[in-house]
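These numbers come from the heavy atoms of this one structure, side chains and all, not from hydrogens, waters or symmetry mates. For this chain, numbers begin at 1 and follow the sequence in order.
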Amino acid sequence: MNLFFGGKRIVEDHAYILDYLPQGHPERKTFKREPLAFGLGEAEFKLLELSPKFGVNLMIGERVYIGKELEKRDKIQHVKRRVNYSDLTAAAHSELPYVIAEILRMDEERFVRFFNESQAISTRLHMLEMIPGLGKKTMWRILEERKK
């Protein structure tokens, strides 16, 4: 999973665990259940369904390697699929704001630089408007603070 940020390619190598279901998802058929985890990608903020390795115990909020180098994957077998917000469990929903705050705190400089350097896409649409949950009023407050 790749992302270009400021002309640089960012590779999705890590995810934060939002929820861990060692007995599998309760809404799936019993004979098809296998351990799974829901995670949030560190670079692209993608919601992911992950297959943990056999015998591994994952902690909520834990940062795990999901990159291409298989020998480095000590806890995750593979990324099963991308999921929507509605596919997450209630526990994952409640953990999501805390994990996002942790990602922002760990790479604060990158996100501050993004907000400071983001330009208008067109005369009517600003890059900040593309961020989910950020309305026009908040966008204009950010732009006014940036001018100061």
Side-chain angles (χ1 to χ4, degrees), residues 1-122 124-139 141-142:
M1 295 177 207
N2 300 318
L3 174 72
F4 289 90
F5 185 85
K8 295 180 182 176
R9 181 176 156 191
I10 298 174
V11 177
E12 188 80 273
D13 283 334
H14 294 89
Y16 284 81
I17 302 300
L18 298 173
D19 195 9
Y20 175 52
L21 305 168
Q23 304 300 317
H25 202 291
E27 294 177 2
R28 297 192 182 147
K29 295 179 182 178
T30 308
F31 65 91
K32 287 190 175 184
R33 284 189 193 170
E34 58 184 26
L36 70 91
F38 290 106
L40 177 68
E42 184 177 61
E44 296 181 323
F45 292 91
K46 289 182 178 177
L47 296 171
L48 306 166
E49 185 175 314
L50 309 167
S51 289
K53 287 190 172 187
F54 180 75
V56 169
N57 192 20
L58 298 171
M59 302 296 294
I60 292 177
E62 179 179 7
R63 183 176 183 251
V64 294
Y65 182 78
I66 60 168
K68 294 192 182 286
E69 296 180 44
L70 299 179
E71 63 276 356
K72 284 187 172 182
R73 287 191 191 175
D74 58 341
K75 295 197 173 191
I76 301 299
Q77 184 69 35
H78 67 276
V79 176
K80 288 180 86 165
R81 64 187 179 115
R82 281 183 64 181
V83 294
N84 294 318
Y85 180 78
S86 60
D87 296 328
L88 297 176
T89 61
H93 284 178
S94 64
E95 190 64 26
L96 190 59
Y98 301 107
V99 170
I100 290 172
E102 177 67 14
I103 292 171
L104 294 176
R105 188 184 65 74
M106 295 299 288
D107 202 2
E108 186 175 344
E109 182 182 320
R110 179 180 129 208
F111 294 103
V112 169
R113 189 173 55 248
F114 170 78
F115 279 107
N116 288 335
E117 295 174 1
S118 64
Q119 302 296 317
I121 294 173
S122 68
R124 293 183 165 238
L125 183 64
H126 196 279
M127 284 175 66
L128 296 175
E129 287 181 81
M130 305 291 282
I131 299 172
L134 187 72
K136 286 191 180 277
K137 288 182 182 179
T138 307
M139 179 201 68
R141 281 194 306 222
I142 290 170

**OP:** Take the angle between the ring planes of His14 and Tyr65 and call it parallel below 30°, perpendicular above 60°, tilted in between.
**Re:** perpendicular
**OP:** Looking only at non-hydrogen atoms, find the nearest pair between Pro52 and Pro35 and report the distance.
**Re:** CD-O, 3.4 Å
**OP:** May I ask you to test the Glu62-Lys75 pair for a side-chain heavy-atom distance under 4.5 Å?
**Re:** yes
Original post:
To the nearest 0.5 Å, how far apart are OH in Tyr20 and CG in Leu36?
Top reply: 9.0 Å
**OP:** Supply the atom-to-atom distance Glu34 CD to Gln77 CD, rounded to the nearest 0.5 angstrom.
**Re:** 10.0 Å
**OP:** Could you give me the CA-CA distance, side-chain angles and deciding distance for Glu109 and Arg113, then say whether salt bridge (Lys or Arg N to Asp or Glu O under 4.0 Å) is met?
**Re:** CA-CA 6 Å; Glu109 182 182 320; Arg113 189 173 55 248; 3.5 Å; yes
**OP:** Of all the heavy-atom pairs spanning Val99 and Gly61, show the shortest one and how long it is.
**Re:** CG2-CA, 4.5 Å
Subject >> Gap separating the CG atom of Asp74 from the NZ atom of Lys53, nearest 0.5 angstrom >> reply: 7.0 Å
**OP:** Report yes if some heavy atom in the side chain of Tyr16 is under 4.5 Å from a heavy atom in the side chain of Ile103; otherwise report no.
**Re:** yes
Subject >> Contact check, side chains of Leu47 and Leu88, non-hydrogen atoms, under 4.5 Å >> reply: yes
Subject >> Spacing of Leu18 atom CG and Ile100 atom CD1 [to the nearest 0.5 Å] >> reply: 8.5 Å
Original post:
Quick one: does Asp87's side chain have a donor or acceptor within less than 3.5 Å of a partner on Asn84's backbone?
Top reply: yes
**OP:** Any chance you could measure Leu40, atom CG, to Ile17, atom CD1, to the nearest 0.5 Å?
**Re:** 10.0 Å
Subject >> Arg110 to Ala43 - nearest heavy-atom pair and separation >> reply: NH2-O, 3.2 Å
Subject >> Validation row: Phe38, Leu48 side chains within 4.5 angstrom (heavy atoms) >> reply: no
Original post:
Could you give the distance from CD1 (Ile60) to OG (Ser94), rounded to the nearest 0.5 Å?
Top reply: 7.5 Å
Original post:
Quick one: are Ile66 and Leu50 in side-chain contact, heavy atoms under 4.5 Å?
Top reply: yes
**OP:** Check whether any side-chain heavy atom of Arg73 sits under 4.5 Å from a side-chain heavy atom of His78, and report yes or no.
**Re:** yes
